[in-house]
2 protein chains.
Amino acid sequence: MRFRHCGFLETLKAFLNTLTPLRPETWQRVEPLFSEIRLPKGQFFLEEGRQAAQIGFLTEGIIRAFYRNQDGTEYNKHFFIPNSFAGGYASLITGKPNQIWQQALTNCRLLVADFAALSALYDSAPDLERAARMLAERFFVQKEEREIELVLLDAQTRYALFQQHYPGLEQRIPQYHIASYLGVTPTQLSRIRRKIAQR
Amino acid sequence: MRFRHCGFLETLKAFLNTLTPLRPETWQRVEPLFSEIRLPKGQFFLEEGRQAAQIGFLTEGIIRAFYRNQDGTEYNKHFFIPNSFAGGYASLITGKPNQIWQQALTNCRLLVADFAALSALYDSAPDLERAARMLAERFFVQKEEREIELVLLDAQTRYALFQQHYPGLEQRIPQYHIASYLGVTPTQLSRIRRKIAQR
DNA sequence: CTGATTCCTTTACCTATGTCATTTTTTTTT
DNA sequence: AAAAAAAAATGACATAGGTAAAGGAATCAG
């Protein structure tokens, strides 16, 4: 029995409806699978090596997704901002051990759900499966755009794009996280910033 | 009226069934949408700027997918090998102008279909939509793996991975295409090869 | 408020890789 | 087989960006 209406669930519902309209009876079965959690700054939503089980819809805060290689070097591949899905999507899909880390850069709130429970609904809710298809397609397109950025543009241009894509974010997180997202060292980002400033 | 049974359609059917089992009645509606074409070496399957309309299932030959930036520099993002889907997937999905080129590196055969006609079947064929979902998810996972490669590994390691992922391909296409796939110049790939050889 | 962290910038030096020009090797064509 | 074209290797040089260390600035905790 639920007593209060949670505002964030409405946000999630609205997001899903931007993919494809969900029938009310589908939403009625989806909604109870989600519960709200808080993730304090610095905590991990996801750690490498385990198999991911939960998908999370970020409602407040910033999460960074990153890879770490053997020597401990990190590479920030993405920043999650409110109103988007976090979680080890590739691992959820494939069932293989997750390769990415996800860490809260600020205090966060998420709606989390067990991914297996969600996808078990596909059989009887084709509209939900359609949403899942469109989400996968959207993720694919985002990745392709990011690939084009990484491969075709130099660091300075990527920096400008970062500022466009994540307005205001630069002021909220340390610069070395941005450098890592751009694929350069903090040293190099500093050089780029100086070069831009003295013009 | 069709007179001959085309062997390649069976290959396509088998591929789709690795995603999810298709009902016979669905396959009956999918099959007639595909027709076989030949693409001679050097020809383009896809050119930048247009909106993509067709999806192609490669049955023979090699196709390279690449980006080209303003100054004409090219970057090979992927090689299609037989038994996989080519086509400007992102453009097909979003309806936006296509950003990538696809060119036959050898004589090729493909089964092509109008993507809109295919996706029009989703409403009445949930099993086909499921296949589409799983294909999108698979593409996403591939992209993520490639991203990890590009970002975490150096050129020499990526070269070794290329040889693993595309066995035999190295002998069939010019080295500068491989260099471009690795994100280095032919000069640099040549240096890497020398370094490997003298050990 | 103040000491302690954390973060950012800068400098010096070094390496990987780019550019360009030339030569060698391989492939294709006649 | 010879000639032509394409591809690959090589050398000289330039540069973007990495590493390491150190100092300054900002932020946080007690």
Side-chain angles (χ1 to χ4, degrees), chain A residues 40-43 62 64 66-76 79 103-107 149-163 168-199, chain B residues 40-43 62 64 66-76 79 103-107 149-163 168-199:
Chain A
K41 178 175 176 174
Q43 297 251 127
I62 308 290
R64 72 175 176 122
F66 63 99
Y67 305 121
R68 186 181 279 173
N69 65 9
Q70 298 87 341
D71 60 16
T73 324
E74 293 181 2
Y75 163 72
N76 286 340
F79 297 112
Q103 182 186 33
L105 292 182
T106 66
N107 292 330
E149 269 184 37
L150 269 177
V151 133
L152 246 38
L153 309 178
D154 64 18
Q156 184 170 335
T157 315
R158 293 204 302 275
Y159 178 50
L161 275 181
F162 162 80
Q163 292 173 316
L169 185 54
E170 191 170 6
Q171 284 69 39
R172 298 182 61 190
I173 63 177
Q175 201 165 300
Y176 58 81
H177 280 320
I178 301 170
S180 165
Y181 175 80
L182 299 176
V184 297
T185 55
T187 311
Q188 185 61 13
L189 176 54
S190 178
R191 284 193 277 238
I192 289 171
R193 283 161 55 87
R194 179 173 40 174
K195 203 173 124 198
I196 294 171
Q198 68 192 22
R199 245 193 309 161
Chain B
K41 178 174 176 175
Q43 298 251 128
I62 308 289
R64 71 175 177 122
F66 63 99
Y67 305 120
R68 186 182 279 173
N69 65 9
Q70 298 87 341
D71 60 15
T73 323
E74 292 180 2
Y75 162 72
N76 285 341
F79 298 112
Q103 182 185 32
L105 292 183
T106 65
N107 292 331
E149 270 184 35
L150 268 176
V151 134
L152 245 40
L153 308 177
D154 63 19
Q156 183 169 336
T157 315
R158 294 203 302 276
Y159 178 50
L161 274 181
F162 162 81
Q163 293 173 315
L169 184 54
E170 192 171 6
Q171 283 70 39
R172 299 182 59 191
I173 63 178
Q175 200 166 301
Y176 58 81
H177 279 321
I178 299 169
S180 166
Y181 175 81
L182 298 177
V184 296
T185 55
T187 310
Q188 186 60 14
L189 177 54
S190 177
R191 284 192 280 238
I192 289 170
R193 284 162 53 85
R194 178 174 41 174
K195 201 173 125 199
I196 294 171
Q198 66 191 22
R199 242 194 311 159

Name all residues meeting the side chain to side chain contact (heavy atoms under 4.5 Å, CB included) criterion together with B/Ala160; count only those two or more places apart in sequence or in a different chain, and write none if there are none.
none
Nucleotides 14-30 of chain D: protein proximity per nucleotide (B base, S sugar-phosphate only, - neither; heavy atom, under 4.0 Å):
---BBBB----------
Side chain of A/Pro174 only, heavy atoms from C-beta on: which candidate in C/dC7, C/dT9, D/dA8 is closest?
C/dC7
Would you mind reading off the distance between B/Leu182 atom CG and C/dT17 atom C1', rounded to a whole angstrom?
13 Å
Can you tell me the distance, in whole Å, between the OH atom of B/Tyr176 and the P atom of C/dG18?
18 Å
N/O (side chain, B/Gln175) to phosphate O (OP1/OP2, D/dA6) under 4.0 Å
no
Does A/Arg191 have any side chain to side chain contact (heavy atoms under 4.5 Å, CB included) partners at least two apart in sequence or in another chain, and if so, which?
A/Thr187, A/Gln188, A/Arg194
Considering only heavy atoms from C-beta outward, does the side chain of A/Leu150 approach that of B/Leu150 to under 4.5 Å?
no
For the residue pair A/Tyr75 and A/Tyr67, categorise the inter-ring angle as parallel (less than 30°), tilted (30 to 60°) or perpendicular (more than 60°).
parallel
Can you name the closest pair of heavy atoms from B/Ile196 and B/Gln156 and give their distance?
CG1-NE2, 3.8 Å
Taking only side-chain nitrogens and oxygens of B/Arg194, does any of them come within less than 4.0 Å of OP1 or OP2 of D/dT10?
yes
Round to the nearest Å and state the distance from B/Leu189 atom CG to C/dA16 atom P.
16 Å
At their closest point, which heavy atom of B/Ala104 faces which heavy atom of B/Pro40, and how far apart are they?
CB-O, 3.6 Å
Determine to 10° how strongly the helix from C/dC8-D/dG23 to C/dT30-D/dA1 is bent, judged from the axes of its five-pair ends.
40°
Heavy-atom pair of closest approach, residues B/Ile62 and B/Thr106:
N-OG1, 3.0 Å
Under 3.5 Å, sequence neighbours excluded: what are the donor-acceptor pairs made by side chains of residues 168-175 of chain A?
residue: A/Glu170; atom: OE1; partner: A/Gln163; partner atom: NE2; Å: 2.9
residue: A/Glu170; atom: OE2; partner: A/Tyr159; partner atom: OH; Å: 2.3
residue: A/Glu170; atom: OE2; partner: A/Arg193; partner atom: NH1; Å: 3.3
residue: A/Gln175; atom: OE1; partner: A/Arg193; partner atom: NE; Å: 3.4

Starting from P on D/dA8, measure out to CD1 on B/Ile173 and report it in whole angstrom.
10 Å
Name all residues meeting the side chain to side chain contact (heavy atoms under 4.5 Å, CB included) criterion together with A/Phe66; count only those two or more places apart in sequence or in a different chain, and write none if there are none.
A/Phe44, A/Arg64, A/Arg68, A/Glu74, A/Asn76, A/Trp101, A/Gln103
B/Arg193 has an atom CZ; how far is it from atom C1' of D/dA7, in whole Å?
11 Å
Round to the nearest Å and state the distance from B/Glu170 atom CD to D/dA7 atom C1'.
14 Å
